[in-house]
Number of protein chains: 2
Amino acid sequence: MSKCKVCRGPAVIDLPRHNANFCAEHLQQLCRRQVEKAIADHEMLEPGERVLVAVSGGKDSLAVWDMLVELGYEADGLYIGLGIGEYSDVSGRYARDFADARGLRLRTIDLRDEHGYDVPTASQATRRVPCSACGLSKRHLFDSAAREGGYDVVATGHNLDDEAAVLLGNTLRWDIDYLARQLPALPGGDGFPRKVKPLVRLTERETAAWCIVRGIDYQIEECPMAAGNKHLGYKATLNQLEARSPGAKASFYLGFVDRMAPLLAGHSRAAVDGLRACATCGSPTTNEVCAFCHLVEVSAAHEPVPVEMLSRGRRR
Amino acid sequence: MSKCKVCRGPAVIDLPRHNANFCAEHLQQLCRRQVEKAIADHEMLEPGERVLVAVSGGKDSLAVWDMLVELGYEADGLYIGLGIGEYSDVSGRYARDFADARGLRLRTIDLRDEHGYDVPTASQATRRVPCSACGLSKRHLFDSAAREGGYDVVATGHNLDDEAAVLLGNTLRWDIDYLARQLPALPGGDGFPRKVKPLVRLTERETAAWCIVRGIDYQIEECPMAAGNKHLGYKATLNQLEARSPGAKASFYLGFVDRMAPLLAGHSRAAVDGLRACATCGSPTTNEVCAFCHLVEVSAAHEPVPVEMLSRGRRR
């Protein structure tokens, strides 16, 4: 039986990159400290700020909400109904149950009810992978909800595995615009709320373990529309590199943030081209009409597409 | 039977990243054009310049020598005897046979005869991986031989697979100094000859095919001291990414050269700290004594270490 590195009690998890095992209590201590360090290092949050948490019902978003509340922040949740069949129904239920059990405030926006489309339909209408319409919708709606609700900052549950995989994809393409914006904290301004990722120092295995030891029930299924996407392929590649040299994933992501990101400051498209107000909704954009309004225009005119049909027919 | 994309004759190779097959003649045409494009894009060589080719006896160095001679450059070879047992003996023979058959000039420097050490011994003495002492020795000796011989430029056989693998390693560590110097052509100056890599647009499969259709015999064994090193691991990772999306490797390396490298200009350690003459040999260095002279001092005092002993005992 392996023992906790801190107290020698029975361990519940082994973490090769820390070369140690931890019990439930000291796993939580480790997670809390990593989150506090991320918040401090990147000036993510000030005491007393109002935080809007982007909640999906998965382990990461519930973990970050739980931790921020525990750390004393006034953190409300926003759940977006993406219309991805039963997957969305179940995810929404986990989000609501979590909020109800803790007396937290959760707002819900349903894409079809409020904007006339859902992710499967938008994917078909735009002939692009579903993750593209999904990410775009979520970014826009979290930003505008934060603006309208008077929140200082939007917090998301992106963990180290997520960020390292996105970084690997951006790096393999040397997409300077995306690289210049891939930071643990994006300052607000120009009509955007500040955006922060307090879990960037925690792996997905660690956030899952947090939820388990804290008794948080979450959606464990991967999104059915994400199966086979490049992001999951990059995660697998990084897991192989990590297995060959433990710590490689953290060193890749944190090294980027420390040493490369400062050299890219000012090279994002928004910094280069400047932003203006979307002619339709007023949100900041580099184009005349923002990408969200364009998506709504293209997608809302279509009949709903069932998830199953799209999974069979869609491009990879 | 697959057919050549150009002439519909019988193909000898399929190249998924070009989505085509090629016969022996049009494979050579493709290789020649890629090399000419690399030379032109990166201003590697001017007509009439004297080129010193770094020759190992492997496919890449013999292919680049062959191509440069065919393109009309005055290209001499330099072979360095690294003292890696039978592997070095066989490699040297291939290099000499190639030069003799074509009436080309090949100079040889033997590490043990001229500097009192060999790569296995240096690895043991420095307690570092053999590839470290090997690369350092070769860089120094090619540079100084070019200076002394009045060559304008040193050409090496680094291919796309090599460069992409080195780039992946440098990127995973975000080693800004190495990234800033990882260019297809490094301008001369400060006592350094210009250094060029004319094969950066060709994969190792393509350079091997070049040698086969040109009747060039080469050392096909991998260096026994390189087995299991990180560089080979990164090559394997990139081959997996390439299998999932053909062209990914070229896009990674060439995208770096096009879009990222310009942003790193001026960030190498030499550019930041400045260079001075090595107190021992006069070569340019950022330190008081250059890394080569330090290596000679540490390694030449040791008894020779047989390759086999080192392979068993060395660190990975």
Side-chain angles (χ1 to χ4, degrees), chain A residues 17 129 160 163-180 182-183 227-269 271-272 315-316, chain B residues 17 129 160 163-180 182-183 227-269 271-272 315-316:
Chain A
R17 76 183 176 113
V129 290
L160 177 59
E163 292 300 295
V166 170
L167 179 61
L168 181 59
N170 290 340
T171 301
L172 288 171
R173 289 188 309 278
W174 294 103
D175 186 319
I176 304 296
D177 178 45
Y178 282 14
L179 286 171
Q182 208 196 332
L183 298 167
N229 77 0
K230 289 203 167 185
H231 184 68
L232 294 177
Y234 296 141
K235 279 194 177 176
T237 297
L238 286 165
N239 285 339
Q240 287 176 1
L241 291 166
E242 179 77 18
R244 270 186 264 154
S245 42
K249 203 187 287 176
S251 143
F252 174 53
Y253 175 69
L254 299 172
F256 170 81
V257 171
D258 280 353
R259 294 188 296 280
M260 190 69 224
L263 303 182
L264 296 175
H267 285 95
S268 74
R269 208 179 303 140
V272 173
R315 304 192 318 174
R316 280 286 155 80
Chain B
R17 77 186 175 113
V129 291
L160 178 59
E163 291 299 295
V166 170
L167 179 60
L168 182 58
N170 289 341
T171 301
L172 288 171
R173 289 188 310 276
W174 295 103
D175 185 319
I176 304 297
D177 177 45
Y178 281 15
L179 285 170
Q182 208 197 332
L183 297 167
N229 77 0
K230 289 203 167 183
H231 184 68
L232 294 177
Y234 296 141
K235 279 194 176 176
T237 298
L238 286 165
N239 285 339
Q240 287 177 1
L241 292 166
E242 179 76 18
R244 271 187 264 156
S245 41
K249 203 186 288 176
S251 141
F252 174 53
Y253 176 68
L254 299 173
F256 170 81
V257 171
D258 280 354
R259 294 189 295 281
M260 190 70 223
L263 303 182
L264 296 175
H267 285 96
S268 73
R269 208 178 305 139
V272 172
R315 302 193 317 175
R316 279 287 154 79

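Chain letters run A, B, ... following the sequence lines, proteins first and then strands; every chain starts at 1.
With chain B as partner, the option from A:G233, A:A164, A:S251 having the largest number of non-hydrogen pairs under 4.5 angstrom is A:G233. Comparing A:K249, A:K230, A:H267 by heavy-atom pairs within less than 4.5 Å of chain B, the highest count is held by A:H267. With respect to chain B, the highest number of heavy-atom pairs below 4.5 Å among A:L167, A:L168, A:L172 belongs to A:L172.
Although no hydrogens or angles enter the test, the distance criterion places no donor-acceptor pair under 3.5 Å between the side chain of B:R173 and the main chain of A:G255.
Summarising the geometry, atom CG belonging to B:L263 is positioned 5.0 Å from atom CD1 belonging to A:I176; distances are rounded to the nearest 0.5 Å. Between the OG1 atom of B:T171 and the CZ atom of A:F256 there is a distance of 11.0 Å, given to the nearest 0.5 Å.
Contact of A:L254 with chain B is not made at all, since no heavy-atom distance falls under 4.5 Å.
Between B:W174 and A:R259, the closest heavy-atom pair is O-NE, 3.0 Å.
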